Amino acid sequence: MSGIILPGADGMLFQRDRDWHPPADTPGYKSSTFRAPRHSLLALGPTRSEMTGPTFGHEKLGELDNDLIRNFSQDGNEAIGQRMIVYGQVLDENARPVPDTLVEYWQANAGGRYRHKKEGYLAALDPNFGGFGRSITDENGFYHFRTVKPGAYPWPNGGNDWRPAHIHFSVFGHAFAQRLITQMYFEGDPMIWQCPIVATIPDKAAIDQLIARLDRHNTTPMDALAYRFDIVLRGRRSTMFENKLEGN
């Protein structure tokens with residue numbers, strides 16, 4: 001995985017600040033030990049297939065792809081939960097908008113359960129919530145979608161570890177081989193600071209970049225709260241991307 005390749009204003013690539021990201025092996029997050037590299041990292045340039053592979057255009061999006069409240073409805077009803085709008089801007093390291101970028105997102109339902117055959121949490125499934133959607137950024141780099149706020153859930157890392165409410169994001173570059181993955185949390189959630197995964201990030205400023213801010217000015221009255229989550233792709237203060245932790 002080469003990540004998204006974007007040149008700076010002078011045509012040069014900005015180096016990633018590895019001190020901004022957690023070390024690959026963080027014992028408090030137990031599964032990272034099994035994924036961490038055992039040898040020195042190698043820098044590999046992008047291949048032709050990565051730079052010229054298939055891309056995803058606006059014409060491929062369905063009408064409800066960015067509406068998780070309705071896009072999995074089985075009986076004509078909408079998903080259960082606190083309704084909200086999530087929006088933001090995808091930027092490069094010079095704060096320039098990145099248009100025509102595929103943004104995918106997936107999450108647990110309002111009870112904290114994923115629609116996955118190996119899901120082990122006993123919370124109920126919502127028959128009208130699939131938990132997945134996608135958008136393409138507009139000419140100013142903005143994306144948006146509607147969903148319900150995901151619930152917290154337990155996970156088998158320690159004796160009583162719980163994940164805070166979060167939404168997973170995937171951002172593609174010029175081709176499907178270029179992909180970055182991260183997670184978004186919610187402003188004011190005290191469980192963020194109790195999460196062993198979040199605790200692996202050494203800089204509080206990097207954690208703050210993963211927290212969406214409540215935006216009362218963009219709520220839908222009597223319907224949905226709004227949260228803003230911007231994504232910075234590269235540079236010394238890029239968003240913390242979890243699929244970079246293993247040295248990919």
Side-chain angles (χ1 to χ4, degrees), residues 1 26 28-32 34-35 61-62 64-88 102-135 143-172 176 179-187 189-201 207 210-212 224-225 227 229 231 239-246:
M1 188 79 65
T26 51
Y29 177 15
K30 292 182 179 179
S31 62
S32 68
F34 300 102
R35 300 198 306 264
L61 288 183
L64 297 178
D65 277 7
N66 70 335
D67 189 346
L68 280 66
I69 295 175
R70 298 190 296 152
N71 68 8
F72 196 79
S73 178
Q74 304 298 297
D75 57 16
N77 290 314
E78 297 184 342
I80 297 171
Q82 178 185 319
R83 297 154 69 92
M84 64 183 186
I85 300 161
V86 177
Y87 81 100
L102 177 63
V103 181
E104 295 182 333
Y105 25 85
W106 63 98
Q107 62 172 91
N109 66 19
R113 183 169 176 178
Y114 288 96
R115 184 172 291 279
H116 190 282
K117 64 182 180 181
K118 293 186 178 181
E119 172 63 89
Y121 187 31
L122 297 179
L125 282 174
D126 180 348
N128 295 309
F129 185 74
F132 175 80
R134 56 191 178 182
S135 306
Y143 70 90
H144 74 277
F145 61 95
R146 294 202 317 155
T147 188
V148 296
K149 187 172 183 179
Y153 59 83
W155 62 302
N157 181 71
N160 189 25
D161 287 332
W162 286 67
R163 295 299 331 278
H166 63 279
I167 298 177
H168 300 267
F169 279 77
S170 166
V171 183
F172 287 91
F176 278 112
R179 187 187 189 200
L180 295 172
I181 301 171
T182 191
Q183 298 182 28
M184 182 199 90
Y185 304 96
F186 293 90
E187 181 179 16
D189 185 351
M191 291 184 63
I192 295 171
W193 311 105
Q194 302 171 17
C195 177
I197 294 179
V198 174
T200 66
I201 304 172
I207 298 173
L210 300 179
I211 300 175
L225 290 173
Y227 286 86
F229 182 59
I231 300 172
T239 299
M240 206 285 291
F241 297 111
E242 62 192 54
N243 62 320
K244 305 303 291 183
L245 303 185
E246 295 83 16

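Note that the structure is predicted; figures quoted are calculated from it, not measured. Counting begins at 1 with the first residue of the sequence.
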4.5 Å side-chain heavy-atom contact, [X] and [Y]:
{"X": "Glu242", "Y": "Ile197", "value": "no"}
{"X": "Ile211", "Y": "Tyr227", "value": "no"}
{"X": "Phe229", "Y": "Tyr143", "value": "yes"}
{"X": "Met84", "Y": "Phe186", "value": "yes"}

Q: Would you please test Leu210 and Ile201 for side chain to side chain contact (heavy atoms under 4.5 Å, CB included) and show each step?
A: CA-CA 11 Å; Leu210 300 179; Ile201 304 172; 3.7 Å; yes

Backbone of [Y] reached by a side-chain donor or acceptor of [X] within 3.5 Å:
{"X": "Asn109", "Y": "Arg115", "result": "no"}
{"X": "Thr182", "Y": "Met240", "result": "yes"}
{"X": "Asp126", "Y": "Ala79", "result": "no"}

Nearest heavy-atom neighbours spanning [X] and [Y]:
{"X": "Ala152", "Y": "Tyr121", "result": "O-CE2, 4.2 Å"}
{"X": "His144", "Y": "Ser135", "result": "O-OG, 3.2 Å"}
{"X": "Gly81", "Y": "Ala110", "result": "CA-CB, 3.8 Å"}
{"X": "Phe72", "Y": "Gly130", "result": "CB-N, 3.2 Å"}

Q. Can Asp65 and Asn71 be counted as having a side-chain donor-acceptor contact under 3.5 angstrom?
A.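 Result is no, nothing qualifies.
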
Q. Tyr185 and Arg163: side-chain donor and acceptor closer than 3.5 Å?
A. yes

Under the ring-ring contact (aromatic ring centres under 6.0 Å, His included) rule, collect the residues that match up with [X], sequence neighbours excluded.
{"X": "Trp162", "answer": "none"}
{"X": "Phe129", "answer": "none"}
{"X": "Tyr87", "answer": "none"}
{"X": "Tyr153", "answer": "Tyr114, His166"}

Q. Partners of Asp189 by side chain to side chain contact (heavy atoms under 4.5 Å, CB included), sequence neighbours excluded?
A.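 For Asp189, the residues satisfying side chain to side chain contact (heavy atoms under 4.5 Å, CB included) (neighbours in sequence not counted) are Pro164, Ala165, Met191, Ile192.
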
**Q.** Which residues share a side chain to side chain contact (heavy atoms under 4.5 Å, CB included) with Arg70, sequence neighbours left out
**A.**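 With sequence neighbours excluded, Arg70 shows a side chain to side chain contact (heavy atoms under 4.5 Å, CB included) to Leu64, Asp67, Glu78, Arg146, given in chain and number order.
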
Atom pair [atom1]/[atom2] of [X] and [Y] - distance to nearest 0.5 Å:
{"X": "Phe169", "Y": "Ile167", "atom1": "CZ", "atom2": "CD1", "value": "5.5 Å"}
{"X": "Asn128", "Y": "Leu125", "atom1": "CG", "atom2": "CG", "value": "11.5 Å"}
{"X": "Trp106", "Y": "Arg134", "atom1": "CH2", "atom2": "CZ", "value": "13.0 Å"}

Q: Could you check Leu68 against Val148 for side chain to side chain contact (heavy atoms under 4.5 Å, CB included), going step by step and ending with a plain yes or no?
A: CA-CA 8 Å; Leu68 280 66; Val148 296; over 6 Å; no

**Q.** Residue among Arg83, Gln107, Gln82 satisfying side chain to side chain donor-acceptor pair (under 3.5 Å) with Thr147
**A.** Gln107

Q: Inspect the surroundings of NE2 in His168 and state if more than 12 heavy atoms from other residues, nucleotides or ligands are less than 6.0 Å away.
A: yes

